[in-house]
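Below you'll find the structure, written out as structure tokens, and then a few comments.
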Amino acid sequence: MRILSIESSCDETAVAIADTLTRTILSEVVFSHTEAMKKFGGIVPEVASREHLKLLPLAFHEALKKATLSIQEIDWITATQRPGLLGALLVGVSFAKATAFANGIPFTGLNHLEAHLFSPHLENPPAYPWIALVVSGGHTELYKVENLNSYEKLGETLDDAAGEAFDKVGKLLGLEYPAGPKIDQLVANEVEARTVHSFPRALPNDFDFSFSGLKTAVLLASKKMESGSEKEKVALLASAQEAILVPLVKRIQKACTEFGISNVVLAGGVACNSRLREKLPKAYFPKPKYCSDNAAMVAMLSVLYQEEGKLIPSSFSETAIAR
Ligand code: KG4
Ligand code: ZN
């Protein structure tokens with residue numbers, strides 16, 4: 001069976017096609033809205049919806065072309081249905097339903113966080129059980145994963161997501177959106193700069209996270225900068241990066257100890273971070289293109305659902321859900 005999958009939950013318009021028999025991705029296309037969002041310094045939901053409207057037909061045709069398939073050769077269409085930006089999801093789900101209905105193919109709506117969570121299956125996943133952290137611009141959620149049918153959320157952020165914290169701290173210091181990758185690059189070799197400022201490293205409750213205090217702390221510290229030199233900025237950024245990453249690592253380690261689980265999986269855009277990778281040398285990190293939003297992970301989730309007999313057609317009256 002060939003499954004075409006659509007991802008449009010945030011600011012990436014993506015389409016991928018998977019073959020269930022061989023468990024392979026036949027084609028994948030990702031159009032990021034980064035350029036469109038730069039002038040706003042962050043994601044504007046309305047702009048994301050409009051970008052999806054413009055880019056989705058292009059991504060759809062390119063994915064079919066790359067796989068040398070026609071829509072008549074597609075057996076099933078899936079799309080990210082939740083959670084995400086409502087307008088953005090609505091474009092993907094409506095496109096998927098309309099294409100499925102017009103071609104007499106079933107449609108199934110899937111969960112974006114599940115797609116991230118099981119994205120290691122795109123390559124070589126470690127054996128279950130996993131402690132898994134989905135960490136992106138929209139999410140910071142810790143899970144205990146037994147398998148596709150059995151997983152539990154242990155904790156989540158009470159305010160900002162870790163990626164959002166990277167982006168907001170970077171914006172305070174004049175970096176373009178998304179600031180996460182730029183901070184990563186700028187401070188990669190700045191070992192001493194990491195300890196110049198002792199920013200808050202909140203560890204609320206058992207497994208939750210909180211990053212909103214960091215922004216204020218960085219803002220206050222930036223106002224006290226003497227010259228605003230590159231060195232002072234790097235010290236702020238490296239210390240802030242450490243304050244974001246240390247709680248992530250601590251929570252993962254606590255969960256591993258408490259549940260006696262040694263296999264750790266990371267997913268989401270922040271999982272691209274080189275310092276995080278350095279801090280967790282034994283953890284499983286998907287390759288960067290599968291950390292950030294993509295449709296291949298939605299296609300792979302569809303394959304896993306199909307294998308488990310869980311790929312059930314959704315009703316065409318189903319719609320996008322923000323949470
Ligand atoms: O998963 P993603 O592409 O989109 C969603 O937010 O759903 O993640 C994007 C987020 C942004 O906040 C970006 O700054 C952050 O991931 N990010 C990074 C790195 N690469 C992307 N943060 C820190 N270090 C990186 N190398
Ligand atoms: Zn995501």
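Order of appearance sets the numbers: ligands from 1, and atoms from 1 within every ligand. Predicted model only: the values in this text are computed from it and were never measured.
- Residue, atom and distance of the protein heavy atom nearest to atom 1 (O) of ligand 1 are Gly269 N, 3.0 Å.
- For the 3.5 Å distance criterion, the side chains of Asn294 and Glu28 fail to qualify, holding no donor opposite an acceptor.
- No donor-acceptor pair under 3.5 Å is formed between the side chain of Thr108 and the backbone N or O of Leu311.
- Between Glu258 and Arg251, no side-chain nitrogen of the basic residue sits less than 4.0 Å from a carboxylate oxygen of the acidic one, so the salt-bridge criterion is not met.
- Counting atoms of ligand 1 from 1 in the listed order, those under 4.0 Å from a heavy atom of Ser136 are 1 (O), 5 (C), 6 (O), 7 (O), 8 (O).
- Less than 4.0 angstrom separates some heavy atom of Gly163 from each of these atoms of ligand 1: 12 (O).
- Checked by atom type, the side-chain pair Glu7/Ser5 shows no donor-acceptor distance below 3.5 Å.
- The nearest non-hydrogen atom to atom 12 (O) of ligand 1, considering only Asp11, Asp167, Val187, Leu276, comes from Asp167.
- Ion pairing of Lys97 with Glu318 is absent here, as no side-chain N (NZ or NE/NH1/NH2) approaches a carboxylate O to less than 4.0 Å.
- Looking only at atom types and distance, the side chain of Asp159 has a donor-acceptor partner in the side chain of Ser210 under 3.5 Å away.
- The Zn ion (ligand 2) has no N, O or S atom of His139 under 2.8 Å away, backbone or side chain.
- Considering only non-hydrogen protein atoms, atom 7 (O) of ligand 1 sits nearest to Asp293 OD2, 3.1 Å.
- Among the atoms of Cys10, none of the N, O or S atoms falls under 2.8 Å from the Zn ion (ligand 2).
- Counting only heavy atoms of the protein, atom 15 (C) of ligand 1 lies nearest to Val270 CG2, 4.0 Å.
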**Asked** Can you list the steps and then say if Glu35 with Lys38 is a salt bridge (Lys or Arg N to Asp or Glu O under 4.0 Å)?
**Response** CA-CA 5 Å; Glu35 276 309 311; Lys38 263 185 187 161; 3.0 Å; yes
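- His139 is not listed as a side-chain neighbour of His116, based on a closest heavy-atom distance of 4.5 Å or more.
- The protein heavy atom nearest to atom 10 (C) of ligand 1 is Gly137 N, 3.4 Å.
- Of all atoms in ligand 1, listed by their number and element, those nearer than 4.0 Å to a heavy atom of Ser292 are 1 (O), 3 (O).
- Using the six-membered ring where Trp is involved, Phe118 and Trp130 have ring planes that are tilted, between 30° and 60° apart.
- Atom numbering of ligand 1 starts at 1 in the shown order; those under 4.0 Å from a heavy atom of Gly138 are 6 (O).
- Contact annotation for Asn273 and ligand 1: heavy atoms of both the backbone and the side chain come within less than 4.0 Å of the ligand.
- Nearest non-hydrogen protein atom to atom 22 (N) of ligand 1 is Gly180 CA, 3.4 Å.
- Looking only at heavy atoms of the protein, atom 26 (N) of ligand 1 is closest to Asp184 OD2, 2.9 Å.
- Of all atoms in ligand 1, numbered sequentially from 1 with element shown, those under 4.0 Å from a heavy atom of Cys272 are 20 (N), 26 (N).
- There is no side-chain donor-acceptor pair under 3.5 Å between Glu51 and Thr13.
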**Prompt:** Does the pair Leu219 and Thr216 meet the rule for a side chain to side chain contact (heavy atoms under 4.5 Å, CB included), with working shown?
**Reply:** CA-CA 5 Å; Leu219 178 65; Thr216 316; 5.5 Å; no
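- His116 has its closest N, O or S atom to the Zn ion (ligand 2) at the position named NE2.
- The minimum distance between the Zn ion (ligand 2) and any N, O or S atom of Asp293 involves atom OD1.
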